[in-house]
Protein chains: 2
Amino acid sequence: MESKAKYYFQIATTSGVPIYRQIIDQVKILIATKKLPKGEFLPSVRQIATELEINPMTASKAYSLLEKEGVLEFVRGQGMKVRESDLPGESLEQKENEIIPILNEVVTKSKQLSLRPNKVIEMLTSLLKEKGNE
Amino acid sequence: MESKAKYYFQIATTSGVPIYRQIIDQVKILIATKKLPKGEFLPSVRQIATELEINPMTASKAYSLLEKEGVLEFVRGQGMKVRESDLPGESLEQKENEIIPILNEVVTKSKQLSLRPNKVIEMLTSLLKEKGNE
DNA sequence: ACCTGTGTATTAGAAGTATAATACACTAAT
DNA sequence: ATTAGTGTATTATACTTCTAATACACAGGT
């Protein structure tokens, strides 16, 4: 038995953002920044529930949505782990279609703010590098 | 009396996206693509309500939120028009802070999809050019 | 003054969302 | 078979959000 649990999640009950969504976001960030490697198991819903003093179902909701998204994988009797492989059926084109709506938001917002396109590109480039190196 | 009204808005009642939000998004796009020039008046809330078979209050909600955002301007007795000037008090730094959360979404999503950063940059560049030229 | 045109404050009700209590199905190890 | 560990289906409830009905204030033209 290795001492697994450490820090994990931190929720802000005042922020108005639903608890299950905060968990989802934090899992995604932990994975994107490689703090949670592929194949690693996440804390159980009851562990989270105790830590955060919430109901296990709330944690379960976060997990099952992440599973539906293809981020996590459920192993019977053991729990949720970070999915090993990328989704198999996902072509490059499908991936692009998933990200285009968000990019369009960026475009509309930057027009609205009259931000120079080059400035926006520059900012995104910088953010992409940051997150990649952590 | 010029024949003002034409097409304007199109709502999808099945999409789950609230009507007032669909109106907001479409107004922003119409402005970003210069189909609605600065100073132009928008259709009245009752016009929209009749066209879309909704309640005037729903259109009003869209308009007043757009006004609060600084996109539209209210003229007593005449209606809503596209704001002439950019918001005066907005510094570059404030503008950047508004767009960073959206850019972070892009970063997280692209990590999740394992999209190459260059590919993402390329897509955004292309979208920014498209919308700028229309 | 009147009528018709703006947008909206208020109120109400329907619909949806977030959280939780409980009970269940399943796995692994004893 | 039992025990202790996974996640979850179901149900209930509080809460928020969305839409609408009504009535109002103001502007402009007659």
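Keep in mind that the numbers below use all heavy atoms, side chains included, and drop hydrogens, waters and symmetry copies. No experiment lies behind these values; they were computed from the predicted model shown. Order of the sequence lines fixes the chain letters, A, B, ..., with proteins taken first and strands second; residue numbering starts at 1 for each chain.
Distance CD1 (B:I23) to C1' (D:dC18): 12 Å, rounded to an integer number of Å. Between the P atom of C:dG7 and the NZ atom of B:K81 lies a distance of 14 Å, rounded to the nearest Å. Rounding to whole angstrom units, CE of residue B:M80 and C1' of C:dT6 are separated by 10 Å. Residue A:Q47 contributes atom CD, which lies 11 Å from atom P of D:dG5 at whole-angstrom precision. Rounded to an integer number of Å, the gap from CD1 of A:I48 to P of D:dT6 is 11 Å. Put simply, NZ on A:K68 is 12 Å from C1' on D:dT8, counting in whole angstrom units.
Residues satisfying the salt bridge (charged side-chain N to carboxylate O under 4.0 Å, His left out) test with A:E73, not counting sequence neighbours, are none. In terms of the side chain to side chain contact (heavy atoms under 4.5 Å, CB included) criterion, residue partners of A:S44 (sequence neighbours excluded) are, by chain and number, A:R46, A:Q47. Residues passing the side chain to side chain donor-acceptor pair (under 3.5 Å) test with A:K61: none are found, sequence neighbours excluded. B:T13 pairs by the side chain to side chain contact (heavy atoms under 4.5 Å, CB included) definition with B:I11, not counting sequence neighbours.
Not one side-chain nitrogen or oxygen of A:S60 sits closer than 4.0 Å to the OP1 or OP2 atom of D:dG7.
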>> What does the B/S/- profile of nucleotides 18-30 of chain C look like, 5' to 3', with a 4.0 Å heavy-atom cutoff to protein?
In response: SBBBB---SS---
Side chains of residues 21-32 of chain B: which donor-acceptor pairs under 3.5 Å do they make with residues two or more places apart or in other chains?
residue, atom, partner, partner atom, Å
B:Q22, OE1, B:A12, N, 2.9
B:Q22, NE2, B:A12, O, 3.1
B:Q22, NE2, B:S15, OG, 3.4
B:Q22, NE2, B:V17, O, 2.8
B:Q26, OE1, B:Q10, N, 3.1
B:Q26, NE2, B:Q10, O, 2.5
B:K28, NZ, B:E69, OE1, 3.0
B:K28, NZ, B:E69, OE2, 3.3

> What's the verdict on side chain to side chain contact (heavy atoms under 4.5 Å, CB included) for B:L127 and B:E130, showing C-alpha distance, side-chain angles and the deciding distance?
Replying inline: CA-CA 5 Å; B:L127 287 173; B:E130 254 182 59; 4.0 Å; yes
